[in-house]
Amino acid sequence: MYDAIVVGARCAGSPTAMLLARKGHRVLVLDRDTFPSDIMSTHFIQLQGVVQLEKWGLLDAVKATNCPPIPKTIFHIGDVAVSPPLPPELQGVVAYCPRRTVLDKILVDAAREAGAEVREGFSVKELLFEGDTVVGVRGRDKTAGTDVEERAKITIGADGMHSTVARAVNAPAYNEKPSLSCAYYSYFSNVHLDGAELFLGENGGCLAFPTNDGLACIAVGQANEKFDEFRSDIEGNFYRYLDLISADMAQRVRAGKREERWIGTADVPNFFKKPYGPGWALVGDAGYHKDPVTGLGIMDCFRDAELLADAIDDGFAGREPLEQALSGYQAKRDEAALPMYELTTSLVSGTTPPEIFQGLAAAAAQDG
């Protein structure tokens, strides 16, 4: 019997497991992948996420992977280009955009070092129930080739927006919005960037981040209904849309060289899900997901991992009933996430309130 089983070992699962293990709990982490391995992601870590990495003692490991610091983020919205000033508590913090092959391995290793048991190459097939309460999982270990059952006081779904755990418990969704965008991205050498650059306008969006090995991750997004057209000629449409979004960025990308394959999707739903119930909890994209255009996903995963680990520890230690602690986790998550959820979905749907752009214009004038 484990205290917690965490299904999924990436940006939400491994930090949750690490934090629970550091608090003295017996934790089992299961993931169908092995590490290092890649996954579709913008992989940009916003400043609050960097602060958490440093707090956890993991930032130096990210810095040591030849991932360049990103001293500023430039927002291009229409004709406005601004790098907003940082609040006092974030002065001196720089962002990073490590490849997921790098970041996820650091997080998995940190969970192991904290005392969690990590089984890679393990596919969870179903949850085990006693009545309405989840009591564990049944799955297959690829190495052994055998089916295995494991039990725990709580089973945590950190297995992405199409979570096996969330589906098995029929986690109620709310504040749902459909997929509003589609995008393709790849990695380019010899592309000059002035930091992280985000472009949004009536012709689509572009995200550009420097990452490991001297490469730049460049993504171009369009309205969701354009996905079939986009994928009919990925390279041609990538540059055609980029020309419309920013002629300057298009010129910079053409001066470089694409080094890896194209990666894209139109499967970017927006939702909140109730993140707890009898014997189960959700964290990361399993319980809350939004369009990647604002590049907040990893930071959100880190924040919610800490909130959930604290709630479970409070419940297990008897400081408050577990259900009450998990209800508090949901309330804190939603309060923190909702403003950027609404802003993100308004940006990609073209319904952003005019005062947002007025504020950016005023900031640009002050930077002057």
**Message:** What verdict does the salt bridge (Lys or Arg N to Asp or Glu O under 4.0 Å) test give for K125 and D147, after you've listed the backbone C-alpha separation in whole Å, the side-chain angles of each residue and the deciding distance to 0.1 Å?
**Reply:** CA-CA 9 Å; K125 302 300 183 184; D147 289 339; over 6 Å; no

**Message:** Looking at E54, I want to see if its CD is surrounded by more than 12 non-hydrogen atoms of other residues, nucleotides or ligands under 6.0 Å.
**Reply:** no

**Request:** For residues I74 and L198, determine if any side-chain heavy atom of one lies less than 4.5 Å from a side-chain heavy atom of the other.
**Result:** no

**Request:** For a side chain to side chain contact (heavy atoms under 4.5 Å, CB included) with S189, tell me which candidate from E260, R258, E259 qualifies.
**Result:** E259

**Asked** How close do E120 and V108 get, heavy atom to heavy atom, and via which atoms?
**Response** OE2-CG1, 4.2 Å

**Request:** Spell out, yes or no, whether V102 and V62 are grouped together once hydrophobic residues are joined by side-chain heavy atoms under 4.5 Å, including indirect joins.
**Result:** yes

**Item:** Same apolar cluster: V93 and L58, side chain cutoff 4.5 Å
**Value:** yes

**Message:** Between F271 and H162, is the ring centroid distance below 6.0 Å?
**Reply:** no

**Prompt:** Under the 3.5 angstrom rule, does the side chain of S163 hit a backbone N or O of D159 as a donor-acceptor pair?
**Reply:** no

**Request:** Output yes when D313 and R319 qualify as a salt bridge under the 4.0 Å nitrogen-oxygen rule, no when they do not.
**Result:** yes

**Asked** Do P275 and L326 have side-chain heavy atoms sitting under 4.5 Å apart?
**Response** no

**Request:** Check the side chains of D194 and H192 for a donor-acceptor pair under 3.5 angstrom, ignoring hydrogens and angles.
**Result:** yes

**Near-ring test Y96/F209, centroid separation under 6.0 angstrom** = no

**Test: R26 and D3 ion pair at under 4.0 Å** = no

**Asked** When you measure from the side chain of D141 to the backbone N and O of F122, does any donor-acceptor pair fall under 3.5 Å?
**Response** no

**Request:** Take Y174 and D334 through the side-chain hydrogen bond (donor to acceptor under 3.5 Å, both in side chains) test and state the conclusion after the steps.
**Result:** CA-CA 11 Å; Y174 55 98; D334 289 5; 2.5 Å; yes

**Request:** Could you walk me through whether R240 and E229 pass salt bridge (Lys or Arg N to Asp or Glu O under 4.0 Å), step by step?
**Result:** CA-CA 12 Å; R240 180 168 67 88; E229 174 192 354; 2.7 Å; yes

**Prompt:** Below 4.5 Å, heavy atoms only, C-beta onward: do V165 and L127 meet side chain to side chain?
**Reply:** yes

**Item:** Under 3.5 Å side-chain donor-acceptor pair for T345 and K177
**Value:** yes

**Message:** Walk me through whether N66 and D213 qualify under side-chain hydrogen bond (donor to acceptor under 3.5 Å, both in side chains).
**Reply:** CA-CA 6 Å; N66 73 40; D213 304 319; 3.2 Å; yes

**Message:** Any carboxylate oxygen within less than 4.0 angstrom of a Lys/Arg side-chain nitrogen, looking at D300 and R303?
**Reply:** yes

**Item:** Whether S327 side chain and Q324 backbone form a donor-acceptor pair below 3.5 Å
**Value:** no

**Prompt:** Under a 4.5 Å side-chain heavy-atom rule over Ile, Leu, Val, Met, Phe, Trp and Tyr, are V50 and I70 clustered together?
**Reply:** no

**Cationic N near anionic O, under 4.0 Å, R333 to D304** = no

**Stepwise side-chain hydrogen bond (donor to acceptor under 3.5 Å, both in side chains) check, E235 with Y184** = CA-CA 9 Å; E235 184 143 6; Y184 273 95; over 6 Å; no

**Prompt:** Can any side-chain N or O of E117 pair as donor or acceptor with the backbone N or O of L30 at less than 3.5 Å?
**Reply:** no

**Item:** Donor-acceptor side-chain pairing of D291 and S181 below 3.5 angstrom
**Value:** yes

**Prompt:** Is there a donor-acceptor pair under 3.5 Å between the side chain of T211 and the backbone N or O of C97?
**Reply:** yes

**Item:** Residue R140 excluded, over 12 heavy atoms near CZ under 6.0 Å
**Value:** yes

**Message:** Please identify which of these residues, F238, Y241, Y239, meets the ring pair (Phe, Tyr, Trp, His ring centres under 6.0 Å) condition with F230.
**Reply:** Y241

**Message:** One thing to verify: whether R22 and E113 come together as a salt bridge, which I'm taking to mean a side-chain N less than 4.0 angstrom from a carboxylate O.
**Reply:** no

**Complete:** So NZ of K274 and CG of N170: to nearest 0.5 Å the spacing works out to 11.5 Å

**Asked** Angle class for the H25/F316 ring planes (parallel below 30°, perpendicular above 60°, tilted otherwise)?
**Response** perpendicular

**Message:** Looking at G295, is its backbone amide N or carbonyl O close enough to the side chain of Q46 to form a donor-acceptor pair, meaning the two atoms are under 3.5 Å apart?
**Reply:** yes

**Message:** Has S37 got a side-chain atom pairing as donor or acceptor with T34's backbone, closer than 3.5 angstrom?
**Reply:** yes

**Asked** Any side-chain heavy atom of L128 within less than 4.5 Å of one from V137?
**Response** no

**Message:** Could you check whether E197 pairs with K72 (Lys NZ or Arg NE/NH1/NH2 to Asp/Glu carboxylate O, under 4.0 Å)?
**Reply:** no

**Message:** Between S179 (side chain only) and V268 (backbone N and O only), is there a donor and an acceptor less than 3.5 Å apart?
**Reply:** yes

**Prompt:** With a 4.5 Å limit on heavy-atom distance, are the side chains of R252 and L193 in contact?
**Reply:** yes

**Asked** How about Q91: does its CD atom have over 12 heavy atoms from other parts shown lying under 6.0 Å from it?
**Response** yes

**Message:** Donor-acceptor check, side chain of H289 to backbone of F272, threshold 3.5 angstrom: yes or no?
**Reply:** no

**Asked** Between K332 and E306, does at least one N-O distance fall below 4.0 Å, as a salt bridge requires?
**Response** no

**Asked** Given side chains that start at C-beta, do those of V253 and F188 come closer than 4.5 Å, heavy atoms only?
**Response** yes

**Request:** Answer with yes or no whether the hydrophobic clustering places L215 together with V220; edges join I, L, V, M, F, W, Y residues whose side-chain heavy atoms lie under 4.5 Å apart.
**Result:** no

**Item:** Distance-only polar pair, side chains of Y276 and E323, donor-acceptor under 3.5 Å
**Value:** no

**Message:** So for atom CG, which belongs to D132, do other residues, nucleotides or ligands contribute more than 12 heavy atoms lying within a distance under 6.0 Å?
**Reply:** no

**Prompt:** In Å, rounded to the nearest 0.5 Å, how long is the span from CD of E335 to CG of L307?
**Reply:** 10.5 Å

**Prompt:** Looking just at side-chain N and O atoms, do T65 and N212 make a donor-acceptor pair shorter than 3.5 Å?
**Reply:** yes

**Request:** Before accepting this row, confirm whether a basic side-chain N of the pair D243/R254 lies closer than 4.0 Å to the acidic partner's carboxylate O.
**Result:** yes

**Asked** From I154 CD1 over to T133 OG1, what is the distance, rounded to the nearest 0.5 angstrom?
**Response** 11.0 Å

**Request:** Report yes if the side chains of L47 and L86 come closer than 4.5 Å at any heavy-atom pair, otherwise no.
**Result:** yes

**Asked** Would you call V6 and L28 a side-chain contact if the rule is heavy atoms closer than 4.5 Å?
**Response** no

**Asked** Are W56 and F302 an aromatic pair by the rule of ring centers under 6.0 Å?
**Response** yes

**Message:** Do S41 and R100 pair up side chain to side chain, a donor and an acceptor below 3.5 Å, judged on atom types alone?
**Reply:** yes

**Test salt bridge (Lys or Arg N to Asp or Glu O under 4.0 Å) applied to D310 and K23, step by step** = CA-CA 9 Å; D310 286 346; K23 294 174 185 292; 3.1 Å; yes

**Asked** In terms of heavy-atom contacts, does CD of Q251 have more than 12 from other residues, nucleotides or ligands at under 6.0 Å?
**Response** no

**Request:** Decide, yes or no, whether a salt bridge links D38 with R99 under the criterion of side-chain N to carboxylate O below 4.0 Å.
**Result:** yes

**Prompt:** If only atom types and distance count, is the side chain of T155 paired as donor or acceptor with the main-chain N or O of W280 below 3.5 Å?
**Reply:** no

**Item:** Within 6.0 Å of CD in E176, more than 12 heavy atoms from elsewhere
**Value:** yes

**Item:** Cluster link L282 to Y341, ILVMFWY, side chain under 4.5 Å
**Value:** no

